[in-house]
**Student:** 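My questions will all concern the structure given below.
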Protein chains: 2
Amino acid sequence: MSTVGTEKSVREGSLEKRKAILAAARDLFVRQGVDRVSMDAVAAGAEVSKRTVYDYFGDKRRLFLAILTDASQSLMATACRALDEHLPEGAQITTVPQLEKAFTALAIDLGTSIVGSADYAAGFALVAQERLRTPTTEDDIATVVVEEAFAKRIADFVDAGLLDTDNPRLAADHFFALTILLAYNRQPVPANPAPDKVRQSMIDGAHAFIRAYATR
Amino acid sequence: MSTVGTEKSVREGSLEKRKAILAAARDLFVRQGVDRVSMDAVAAGAEVSKRTVYDYFGDKRRLFLAILTDASQSLMATACRALDEHLPEGAQITTVPQLEKAFTALAIDLGTSIVGSADYAAGFALVAQERLRTPTTEDDIATVVVEEAFAKRIADFVDAGLLDTDNPRLAADHFFALTILLAYNRQPVPANPAPDKVRQSMIDGAHAFIRAYATR
DNA sequence: CGCACACTACACCGTGCAGTGTAGTAGCTG
DNA sequence: CAGCTACTACACTGCACGGTGTAGTGTGCG
C-alpha cells in the first residue's frame, strides 16, 4: 500500500524501509514529542516490525539523532538552493526594488518550504525539544552555515551600495527573525498550513527588512 | 535551609510550599522537559514529600497548567509594567531619536527580564513544548494582550507622525521578532545568561525596528 | 489532655514502554 | 534442494514512573 517502488522490484528493502521509518518517526515525534511516542507506534507508523526499527537504528536515541541529521541536511539543501536561486552569484540586481523583489521571493520560497515539508519544521521543533534536554548539544542544526552564506550575499549588496550595514551577519539574523522565525513562532505545527498567511508574513517581513537596511 | 520565613514563624506552610513546588517544577520542566521529570524529582526539588505535591496539585497535568498560568501572569505583569514605564501614556516623546531611546530601553528591560527570571523563559519553553502535544491548545500564554497594547502605542506614534505604518499590529510583531524572539531563539535556556550579548541584541533589534518604521 | 491539621516517609499497584530473544516465513542464489 | 538474507510476529524482561493509601510525627488549639 505504501511502498510503491520507484524501482520496479529490484530491491525495495533496506533504503526504502529506512526512509519510511525515518519519516514516520519524524512525523510522530514532531506532532507528539519524542517521549510520548513509543517505538511500537513508530513501527506501526512505518508499517514495519518493531524489531526492524531496532535492527536499523538500534536505539530510540539514535533514531532521533538520525532524524535530526536528516532534517538538518534537508534543510541545508533547501535553503542553499533557495539562496542560489533567488540571489545568484552573478548579481543582475542593481536597484533596491529589484532587491526587495528577490528577498521577498526568497522569503516566500523558504516560508512555503517550512509549511509544506515537515523536514524543516521537524528540525526546528525537535532541536527545540531536545536542546533543553541533552547536555551534549552539538547535534545542533547547522543553520549557521546558511546564515553565513546569506550574510555573505548581504555584504555583497552592501558593497554594491544597495544595502547599508556594517554587520551583515546581524542583518541576516534580522531577516530570518522578521520572516521565518516570526512565521514559525506564529504557527509551529505544520498541520494547518494557511499558506496565504505565511506568504503574507514573508512579504511583510521582507518589506520591513528592506526598509530597515536599504540605502536611502 | 530553604524556607527562610519572610514572616517570622506564623504560617510558613501552605502558600510557601505551593510556591516552592511551582518553582522547582518549573525549573525542572524547563530544563529537562515535562515528560522526563518525575514527580519524585519535583518533590525532591521542592524539598517536600511527593504526597504533598499531589495534595496540592492533584495531578502532573494540573501542576503543569498551574505553572503555565503562573508564568503567563508573571510575564504579563512584567511586560505591562515595562510598557507603562518606557512608553507611558502621556507621551513626552516628540522626536525619532527619543523614540528609539525609549524602544531600546523597553527592549533591554524585557530582554533582561527574560534572561534574569526563569518565568518568561519558562512560559516560552513550556508552551513550545506543549503546543505540539496537547490538542486542547487554549492554555496559550496571553502574549496577545501585551502585543495589542504595544500595537496601540505604536498607533499613537503613527498618529504623532513619528512612525510610519498602516498596520501597527504587524509592526509590534516585527519589534518582538527583532528583539525578544531573536534573542530567545539564540539562547533558549536561561542557564548561561551572557547579559551583554542579550543587551546588544536588544539595542540592535530596536535600532533595526526604528530604521524600518520611523518616518523619514 | 484530646482533636484536628499539615505534612512526611514509605510501601505499594498498575501500566506503559525500551529493548531483546526467538521461531517462523518469503524470496533469492547457487 | 540447502543456505542465506531480510523481515515479521510475538512473547518476554526489567524498569521507571504516575498515582494512592496509610501509619506516624510535630504543632497549635480548645
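Bear in mind the structure is a predicted one, so any value in this text is a computation, not a measurement. Below, chain A is the first sequence line, B the second, and so on; all start at residue 1.
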**Student:** If a protein heavy atom is under 4.0 Å from the base, mark B; if only from the sugar-phosphate, S; if neither, -; do that for nucleotides 12-27 of chain D going 5' to 3'.
**Tutor:** -----SSBBBB-----
**Student:** I need the full list of salt bridge (Lys or Arg N to Asp or Glu O under 4.0 Å) pairs touching residues 103-112 of chain B, with sequence neighbours left out, sorted by first then second residue.
**Tutor:**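 Pairs touching residues 103-112 of chain B that pass the test: B:R81-B:D109.
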**Student:** Looking at B:S38, is its backbone amide N or carbonyl O close enough to the side chain of B:K60 to form a donor-acceptor pair, meaning the two atoms are under 3.5 Å apart?
**Tutor:**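 Checked: no pair found.
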**Student:** According to a strict under-4.0 Å criterion, is B:Y56 in side-chain N/O contact with OP1 or OP2 of C:dC7?
**Tutor:** yes
**Student:** Quickly work out the A:L63 CG to C:dG19 C1' distance and round it to whole Å.
**Tutor:**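 From A:L63 CG to C:dG19 C1': 13 Å.
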**Student:** Name all residues meeting the side-chain contact (heavy atoms from CB on, under 4.5 Å) criterion together with B:A43; count only those two or more places apart in sequence or in a different chain, and write none if there are none.
**Tutor:** B:K50, B:V53
**Student:** Can you measure from CZ (B:F209) to CG (B:L163) and round to the nearest 0.5 angstrom?
**Tutor:** 5.5 Å
**Student:** Calculate the interatomic distance between A:K17 atom NZ and D:dT5 atom C1'; express it in whole Å.
**Tutor:** 13 Å
**Student:** Side-chain donor-acceptor pair under 3.5 Å between B:S49 and B:T52, yes or no?
**Tutor:** yes
